[in-house]
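The block underneath contains the structure these notes are about, expressed in structure tokens.
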Amino acid sequence: AQSVSQHNHHVILSEAASLELGCNYSYGGTVNLFWYVQYPGQHLQLLLKYFSGDPLVKGIKGFEAEFIKSKFSFNLRKPSVQWSDTAEYFCAPKKVTQAGTALIFGKGTTLSVSS
Amino acid sequence: SAVISQKPSRDICQRGTSLTIQCQVDSQVTMMFWYRQQPGQSLTLIATANQGSEATYESGFVIDKFPISRPNLTFSTLTVSNLSPEDSSIYLCSAEQEGLPEAFFGQGTRLTVV
């Protein structure tokens, strides 16, 4: 079965620390990979996506992610976090469904940044 | 990007009753999806709502429990039937626009069954 695994459940950092959140998916073939973020009280928003081409993709607010095909990984990084990055982060590859394709979600990582 | 509105944003329902959640998109979309997020869990895909045909359900979800309508390209409803406390979750509507790979999400409906 197609699945996704996020390594960290809760990460606590101080402002200006570097961030890396791990994500692994279980299947090969064509992959479309996404990271979504949910700020407190807000809806899920797209952070960045990988579709093809350069495996290092940049998203909003200084986030980036690297697709490593050989490791089935799509880790999210940010060199220096801010208090406003406090949120829940979801890795979400697309999977093939009976109706086409749809996102499947990891369990999410709660990031808490202290000022 | 599409803006998705869900109604209601939250509800408390008695067991044995049903709740219908509405999802309205501000532009035409190709695919619409319904997800469930149980407490402490990730999002799980319930079904894909196809315009003009029956929804396609994921393993573990059935039409009798989660009937879905999609009468046009901007609107869908999810009904959670015969409610039990185990149905207490956040239900999210999602949509994809033609030509864009990413999905957009509504703010969710928080359902509590008592």
Side-chain angles (χ1 to χ4, degrees), chain A residues 1-10 21 23-26 30-53 57 59-60 63 65 67 74 87-110, chain B residues 1-6 9-10 23 25-26 29-63 68 70 76 90-110:
Chain A
Q2 299 165 344
S3 66
V4 56
S5 172
Q6 287 185 239
H7 308 160
N8 316 96
H9 181 60
H10 192 181
L21 302 182
C23 173
N24 286 92
Y25 55 94
S26 67
T30 301
V31 288
N32 302 321
L33 301 162
F34 304 81
W35 276 94
Y36 280 81
V37 60
Q38 188 167 27
Y39 298 103
Q42 297 188 26
H43 62 276
L44 276 165
Q45 302 171 38
L46 179 68
L47 197 56
L48 48 75
K49 61 188 175 187
Y50 171 79
F51 220 56
S52 64
V57 293
I60 61 171
F63 285 90
F67 168 54
F74 190 55
E88 189 151 16
Y89 293 81
F90 294 93
C91 180
K94 265 196 175 177
K95 74 164 186 174
V96 175
T97 69
Q98 292 184 55
T101 60
L103 295 171
I104 57 171
F105 283 83
K107 289 187 181 292
T109 298
T110 301
Chain B
S1 63
V3 176
I4 299 177
S5 301
Q6 273 185 247
S9 58
R10 59 178 62 229
C23 177
V25 190
D26 68 346
V29 292
T30 50
M31 307 294 284
M32 294 184 76
F33 308 89
W34 287 97
Y35 287 83
R36 179 177 72 183
Q37 186 175 24
Q38 293 176 300
Q41 303 293 317
S42 185
L43 285 77
T44 301
L45 180 66
I46 297 172
T48 302
N50 307 307
Q51 194 265 333
S53 63
E54 280 194 358
T56 304
Y57 290 83
E58 295 300 299
S59 176
F61 297 96
V62 295
I63 188 171
I68 288 170
R70 177 131 186 236
S76 178
I90 297 173
Y91 292 86
L92 292 113
C93 173
S94 171
E96 288 183 8
Q97 292 179 300
E98 188 161 7
L100 293 177
E102 65 264 31
F104 303 95
F105 286 83
Q107 79 276 23
T109 296
R110 183 180 294 272

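A note on names: the letters A, B, ... follow the listed sequences, proteins ahead of strands, and every chain is numbered from 1. From a predicted model like this one, the values you see are computed outputs, not experimental measurements.
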Practice task
Using a cut-off of 6.0 Å, state whether more than 12 heavy atoms not belonging to A/Q98 lie near its atom CD.
Solution key: no

Practice task
Under 4.5 Å heavy-atom distance to chain A, tell me which part of B/S42 shows up: side chain, backbone, both or neither.
Solution key: both

Exercise for the section: Identify which part of A/K49 has an atom lying under 4.5 Å from any heavy atom of chain B, answering side chain, backbone, both or neither. Expected result: side chain

Handout entry: Aromatic ring proximity B/F105/A/F105, centre distance under 6.0 Å
Key = yes

Handout entry: Pairs of heavy atoms under 4.5 Å with chain A: top-ranked of B/L92, B/I4, B/L43
Key = B/L43

Exercise for the section: Tell me, with the steps shown, if A/K107 and B/Q41 meet side chain to side chain contact (heavy atoms under 4.5 Å, CB included). Expected result: CA-CA 6 Å; A/K107 289 187 181 292; B/Q41 303 293 317; 3.8 Å; yes

Handout entry: Side chains of A/T97 and B/L45 in contact at under 4.5 Å (non-hydrogen atoms)
Key = yes

Practice task
Could you list all the salt bridge (charged side-chain N to carboxylate O under 4.0 Å, His left out) pairs where at least one residue sits in residues 42-60 of chain B, not counting sequence neighbours?
Solution key: A/K95-B/E58

Exercise for the section: Select one option (side chain, backbone, both, neither) describing which atoms of B/E96 are under 4.5 Å from chain A's heavy atoms. Expected result: side chain

Handout entry: Other residues, nucleotides, ligands: >12 heavy atoms within 6.0 Å of A/H10 NE2
Key = yes

Practice task
Heavy-atom distances under 4.5 Å only: say whether A/L103 touches chain B with side chain, backbone, both or neither.
Solution key: both

Problem - chain B interface, residue from A/L46, A/I104, A/T101 that has the most non-hydrogen pairs under 4.5 Å - result: A/L46

Handout entry: Which residues share a ring-ring contact (aromatic ring centres under 6.0 Å, His included) with B/Y57, sequence neighbours left out
Key = none

